[in-house]
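So you know, we letter chains A, B, ... as the sequences are listed, proteins then strands, and number each from 1.
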Number of protein chains: 2
Amino acid sequence: MEYKEAKDKFISTWGSLGSLWGINKAMAQIQALLFISTKPLSMEDIMEELKISRGNTSMNLRQLMDWGIVTKTLVAGERKEFFTTEKDVQELARIVAKERSRREIKPVIKVLEEVSSIKNDGSEKTKELIKQTKALHELTETMDVMINKLVDQKQNWITKSVLKLFK
Amino acid sequence: MEYKEAKDKFISTWGSLGSLWGINKAMAQIQALLFISTKPLSMEDIMEELKISRGNTSMNLRQLMDWGIVTKTLVAGERKEFFTTEKDVQELARIVAKERSRREIKPVIKVLEEVSSIKNDGSEKTKELIKQTKALHELTETMDVMINKLVDQKQNWITKSVLKLFK
DNA sequence: TTAAATTTTCAGTAATTATTGAAAGTTTAA
DNA sequence: TTAAACTTTCAATAATTACTGAAAATTTAA
């Protein structure tokens with residue numbers, strides 16, 4: 001496999017994976033492109049490389065910046081803006097985990113809390129609703145705590161401390 | 001908040017969350033409904049409760065069974081089929097984690113392996129592609145191993161052994 | 001200032017994904 | 001057997017989501 005083929009394969013695979021972890025294809029592909037680029041890319045570069053429109057590029061870059069994954073960089077002597085992505089995979093994982101916790105898990109926890117604390121009128125179905133949503137609440141919260149603690153361990157958290165636990 | 005409101009809130013929240021972790025709304029809502037039901041439900045019950053068509057119900061129940069989350073159960077004296085979902089949240093989490101690993105993570109790992117092992121022609125961009133996809137490969141594989149090990153710990157894996165690690 | 005370069009916004013459209021409903025298929029009781 | 005009860009399939013359609021392209025807005029060089 002040559003460079004071009006490998007690159008395209010990486011970008012398209014990462015792109016379709018993106019839609020699974022909650023971001024759209026273009027957003028994931030832009031990130032992938034920046035991730036393997038040796039230098040900052042302009043909007044033109046990205047549009048051309050991925051064959052997507054200016055508007056699409058602009059909107060998705062904005063979202064990536066909202067996530068904190070991509071940043072604008074100045075290139076000496078150039079008027080237009082250039083973009084780079086976080087290059088360290090572990091830092092990337094930390095950012096994604098934090099954002100997903102904030103955007104998705106926290107709101108669900110809130111609803112589960114509300115639902116599981118309704119008044120128990122003694123009926124079978126109310127008891128079951130309370131019991132099951134409580135269990136779900138506990139699980140979700142524990143996972144959320146785990147994720148956040150995990151990603152707070154800056155140095156080699158995965159390879160060092162966690163893996164050996166489950167040898 | 002009364003039972004009906006709490007139930008609806010739970011089902012709709014779980015439904016919209018579903019689309020985030022890779023299954024569609026109807027599928028997630030059916031699972032949610034079964035999860036808080038005190039008895040097995042028939043297709044009619046589900047259709048009526050969620051106001052969805054027979055076809056939709058049938059297809060999504062099938063998918064839930066493919067995932068191993070929902071099972072058919074016989075109800076004495078009844079001709080039609082009834083359905084139940086796994087009621088234990090931890091078992092549920094294990095099933096979901098395993099399935100996601102198999103369906104999503106494993107294929108990505110395969111591509112990352114391929115891409116990161118292309119011939120190094122010595123150019124900057126090839127070196128960067130190899131370096132970055134290798135890092136991603138390592139991270140993804142480690143996370144996958146973690147998830148699978150985690151969910152193999154049957155008893156109280158989360159609350160007992162993991163949480164205290166990150167106190 | 002101003003006008004060229006660049007980016008953003010957004011209405012319209014395209015592409016994708018989910019849902020319906022009815023016909024075809026299957027199962028079961030008698 | 002057969003016919004009623006029930007389930008599945010799938011073409012048609014609806015709903016949702018993504019993308020385009022051009023006009024409006026912003027930035028910068030002179």
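Across the interface with DNA chain C, nearest-nucleotide mapping of A:Arg79 and A:Met59 shows A:Arg79 to be the residue nearer the 5′ end. Residue order along DNA chain D, read from the 5' end via each residue's closest nucleotide, puts A:Asn60 first among A:Asn60 and A:Glu78. Position along DNA chain D of the nearest nucleotide to A:Ile23 versus A:Arg54 favours A:Ile23 as the more 5'-ward residue. The 5' end of DNA chain C is approached more closely, in terms of each residue's nearest nucleotide, by A:Lys72 than by the other of A:Lys72 and A:Lys25.
A sub-4.0 Å separation between OP1 or OP2 of C:dT7 and a side-chain N or O of A:Arg62 is absent.
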* **CA sep, side-chain torsions, deciding dist, call: B:Ser101, B:Lys106, side-chain hydrogen bond (donor to acceptor under 3.5 Å, both in side chains)** => CA-CA 6 Å; B:Ser101 164; B:Lys106 292 288 197 299; 3.1 Å; yes

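As a whole-Å value, the separation of B:Leu61 CG from C:dA18 P is 16 Å. Atom NZ in B:Lys51 sits about 14 Å away from atom P in C:dG21, given to the nearest Å. One can place CD1 of A:Ile52 at 7 Å from P of D:dC19, the figure rounded to the nearest angstrom.
Counting any heavy atom pair closer than 4.0 Å across all strands shown, B:Asn56 reaches a base atom.
Of the listed residues (A:Leu136, A:Thr133, A:Val111), just one forms a side-chain contact (heavy atoms from CB on, under 4.5 Å) with B:Trp14, and that residue is A:Leu136.
Here B:Val70 pairs with B:Leu34, B:Leu61, B:Leu64, B:Met65, B:Phe83, B:Thr85 under the side-chain contact (heavy atoms from CB on, under 4.5 Å) rule; sequence neighbours left out.
The closest side-chain donor-acceptor pair between A:Ser53 and A:Asn56, if any, does not fall under 3.5 angstrom.
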